[in-house]
Amino acid sequence: MVVKGKQAQVVMRNELDARIYGFRNTWPLQSKVELVKGPHGWQIIASHASMY
């Protein structure tokens with residue numbers, strides 16, 4: 001997690017065990033979330049998921 005003033009970016013990595021189209025595998029997934037701190041706390045302003 002990187003915090004710069006009222007903005008933050010969080011990067012999460014997970015390995016998902018799933019069956020897709022009949023093939024079972026462990027899929028490496030990465031999520032990036034951008035947040036901004038407002039008067040009511042942190043709010044998500046962008047989110048992106050991909051394989052790493």
- Query: Can you find a heavy atom in the side chain of E34 that is under 4.5 Å from one in the side chain of V10?
  - Reply: no
- Task: Calculate, to the nearest 0.5 Å, the distance between atoms CD1 and CD belonging to I45 and Q7 respectively.
- Result: 6.0 Å
- Message: Could you check whether atom OH of Y52 has more than 12 heavy atoms from other residues, nucleotides or ligands sitting under 6.0 Å from it?
- Response: yes
- M1-L35 co-clustered via ILVMFWY side chain contacts under 4.5 Å: yes
- Task: Drop me the distance from T26's OG1 to L16's CG, to the nearest 0.5 angstrom.
- Result: 8.0 Å
- Message: Can you tell me how far apart NZ (K37) and CD (Q43) are? Round to the nearest 0.5 Å.
- Response: 12.0 Å
- Query: So if you build clusters from Ile, Leu, Val, Met, Phe, Trp, Tyr with side-chain heavy-atom gaps below 4.5 Å, do W42 and I44 land together?
  - Reply: yes
- Query: Tell me the salt bridge (Lys or Arg N to Asp or Glu O under 4.0 Å) pairs involving residues 3-18, sequence neighbours left out?
  - Reply: D17-R24
- Task: Spell out, yes or no, whether V3 and M12 are grouped together once hydrophobic residues are joined by side-chain heavy atoms under 4.5 Å, including indirect joins.
- Result: yes
- Does CE belonging to M51 count more than 12 external heavy atoms closer than 6.0 Å? yes
- Item | All side-chain hydrogen bond (donor to acceptor under 3.5 Å, both in side chains) counterparts of R19, not counting sequence neighbours | none
